[in-house]
Student: 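Below are the structure tokens for one structure; questions will follow.
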Number of protein chains: 2
Amino acid sequence: MLLLKELPNSKSLAKLLERYPDADIDAISVFVNLLRASSDLSAALDGLLAKHSLLQGRWWVLVLLMRQDDLTSTPTDLAEKAGVTKATMTGFIDGLEREGLVVRLPDAADRRKYLIRLTRAGQKKIDEITPDYCSKVQALMSCLTHERRNAMLDALKDLSANIGAME
Amino acid sequence: MLLLKELPNSKSLAKLLERYPDADIDAISVFVNLLRASSDLSAALDGLLAKHSLLQGRWWVLVLLMRQDDLTSTPTDLAEKAGVTKATMTGFIDGLEREGLVVRLPDAADRRKYLIRLTRAGQKKIDEITPDYCSKVQALMSCLTHERRNAMLDALKDLSANIGAME
DNA sequence: TGCATAAAGTAAGGAGCCTAACTATAATTT
DNA sequence: AAATTATAGTTAGGCTCCTTACTTTATGCA
């Protein structure tokens with residue numbers, strides 16, 4: 001994702017208001033800062049995963065599989081849960097299978113389907129990354145008190161619920 | 001960007017804690033929700049811009065140019081402010097120039113340089129999009145009071161400042 | 001049963017963004 | 001002044017993710 005390093009300062013905001021008097025500076029400021037901050041966070045996550053030779057897409061797939069009781073799911077289910085298209089999921093699974101972290105198993109009941117299962121190597125990879133992931137995220141969030149975290153969480157959920165207002 | 005639609009529920013978080021007792025559920029929850037929400041916001045912005053046949057990267061370039069007093073800047077400067085590489089900026093400028101929204105002008109003083117200037121058509125495009133952009137962002141943010149917006153803004157800035165903790 | 005429709009997964013091609021390497025010009029060193 | 005180094009911008013090629021179109025298999029309806 002792309003994001004402005006140079007967020008609007010007061011001068012450029014003044015200029016904006018001059019040309020568009022109805023602009024809600026507050027709202028725009030939160031919006032842009034949110035995109036900007038999460039872009040940085042995403043990049044930091046990329047960096048963390050790269051140290052373990054993984055990428056975000058594949059990482060989320062491993063996480064989703066680990067959540068399943070039998071460590072197994074289907075491409076379509078994984079795609080829906082991950083929020084990507086089935087075609088994109090095919091690519092993730094290809095990569096993970098190539099590295100031996102998951103396997104494709106044919107479904108006996110429906111010959112169109114495959115079952116994707118986390119392998120032992122896949123579980124090992126998760127065990128290798130998760131402590132690092134947890135401690136880094138914790139370090140990042142340590143600058144916020146629990147109250148502030150909760151307030152942010154609530155606000156994020158409200159925004160997500162209101163996303164339709166932008167369409 | 002990719003993001004989990006299916007955020008961790010209490011059951012899977014319990015499973016996580018079982019395997020990694022040190023995990024800070026709170027911190028992870030905020031982190032994941034932040035990535036998730038802004039991914040949705042970014043997609044919504046893409047949608048809004050698409051209606052005006054623009055893309056995020058090019059849009060930010062137009063915005064940056066409009067902030068300049070003389071509506072002019074250089075590729076390197078734009079790349080730094082937008083947070084992309086110079087190579088990526090070349091692509092944005094190519095696109096914008098093709099549509100007549102900016103022009104490349106040689107710099108008389110330094111023949112390696114080009115000056116990128118917003119054209120009248122570029123300004124018109126901004127004038128066409130900005131009211132829509134402002135009203136949609138305002139509608140989105142209307143679910144948060146000013147107090148909550150400010151709290152969020154502060155929290156985002158603190159997180160951005162603390163991003164080094166993840167590296 | 002036979003035919004249309006839906007669903008699972010894949011393939012092909014495109015756009016954005018990156019890194020690395022390159023060209024042309026300017027600045028610095030000696 | 002000559003040679004080295006740095007800077008502006010571009011090109012080439014890669015990766016991720018998307019959309020669209022396709023193949024194969026299952027399901028619903030007459």
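Below, chain A is the first sequence line, B the second, and so on; all start at residue 1.
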Student: Is there side-chain contact between A:Y114 and A:D107, with heavy atoms separated by less than 4.5 Å?
Tutor: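 The answer is no, as the side chains (C-beta and beyond) never meet within the 4.5 Å cut-off.
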Student: Please pick, from D:dT20, C:dG16, C:dA8, the nucleotide with the shortest atom-to-atom distance to any side-chain atom of A:A87.
Tutor: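 Given the options D:dT20, C:dG16, C:dA8, the side chain of A:A87 is closest to D:dT20.
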Student: Is there a path of hydrophobic side-chain contacts, each under 4.5 Å between heavy atoms, that joins A:V137 and B:I25?
Tutor: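 Yes, because A:V137 and B:I25 connect within a single hydrophobic cluster, where side-chain heavy atoms sit under 4.5 Å apart.
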Student: Quick one: B:L78 CG to D:dA8 C1', roughly how many Å, whole number?
Tutor: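 Rounded to whole Å, this separation is 13 Å.
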Student: Answer whether the closest heavy-atom distance between the side chains of A:L78 and A:F92 falls below 4.5 Å.
Tutor: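 A:L78 does not reach A:F92 side chain to side chain.
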Student: Less than 4.0 Å between a side-chain N and a carboxylate O, is that true for B:D154 and A:R148?
Tutor: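 Not counted as a salt bridge, because no side-chain N and carboxylate O are separated by less than 4.0 Å.
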Student: What is the distance, rounded to the nearest whole Å, between atom CG of A:D77 and atom P of C:dG9?
Tutor: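 My rounded result for the distance is 10 Å.
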Student: Between A:R111 (CZ) and C:dT10 (P), how many Å, whole number?
Tutor: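 Roughly 16 Å, once rounded to whole Å.
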Student: Calculate the interatomic distance between A:F92 atom CZ and D:dC18 atom C1'; express it in whole Å.
Tutor: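 For the pair A:F92 CZ and D:dC18 C1', the rounded distance is 11 Å.
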Student: Counting side-chain heavy atoms from C-beta on, which of D:dC17, C:dG9, D:dA8 comes nearest to B:K113?
Tutor: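 Nearest to the side chain of B:K113 among the choices is D:dA8.
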Student: Does A:T85 put a side-chain nitrogen or oxygen below 4.0 Å from OP1 or OP2 of D:dC18?
Tutor: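 The answer is yes; a side-chain N or O of A:T85 sits under 4.0 Å from OP1 or OP2.
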Student: Can you tell me whether the side chain of B:R112 and the base of C:dA24 have a donor-acceptor pair closer than 3.5 Å?
Tutor: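 Not at all, since no donor on one side and acceptor on the other fall under 3.5 Å apart.
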Student: Please determine whether a side-chain nitrogen or oxygen atom of A:T76 lies at a distance below 4.0 Å from atom OP1 or OP2 of C:dA7.
Tutor: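 No, A:T76 has no side-chain N/O under 4.0 Å of OP1/OP2 on C:dA7.
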Student: Take A:A108 and B:T74, find for each the nucleotide of DNA chain D with the closest heavy atom, and name the residue whose nucleotide sits nearer the 5' end.
Tutor: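 Final value for this comparison: B:T74.
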Student: Which nucleotide in the list C:dC18, D:dT16, D:dT10 gets nearest to the side chain of A:R58?
Tutor: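 The answer is D:dT16, which lies nearest to the side chain.
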Student: Checking all strands, does B:T90 fall into the base, sugar-phosphate, or nothing category for heavy-atom contacts under 4.0 angstrom?
Tutor: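 Base, at least one base heavy atom under 4.0 Å.
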Student: What is the separation between atom CG on A:D107 and atom C1' on D:dT24, rounded to the nearest whole Å?
Tutor: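 To the nearest whole Å, that distance equals 14 Å.
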Student: Please confirm whether the shortest side-chain N or O distance from A:T88 to OP1 or OP2 of D:dC18 is below 4.0 Å.
Tutor: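 For A:T88, the contact criterion (side-chain N or O under 4.0 Å from OP1 or OP2 of D:dC18) is met.
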Student: Taking CD from B:E80 and P from C:dC18, how many angstroms apart are they, rounded to a whole number?
Tutor: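 About 13 Å, once rounded to whole Å.
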Student: So if I take every side-chain heavy atom of A:K86 and compare against D:dT10, C:dT10, D:dA26, which nucleotide ends up nearest?
Tutor: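 Shortest atom-to-atom distance from the side chain points to C:dT10.
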Student: In whole Å, what is the span from the CG atom of A:D46 to the P atom of C:dG16?
Tutor: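 After rounding, the gap between these two atoms is 19 Å.
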Student: Write down the distance between CG (A:D110) and C1' (C:dA7), rounded to a whole number of angstrom.
Tutor: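 It is 8 Å, rounded to the nearest whole Å.
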Student: Any salt bridge between B:R98 and B:D94, counting N to O under 4.0 Å?
Tutor: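 Between B:D94 and B:R98 there is no salt bridge, as every charged N stays at least 4.0 Å from the carboxylate O atoms.
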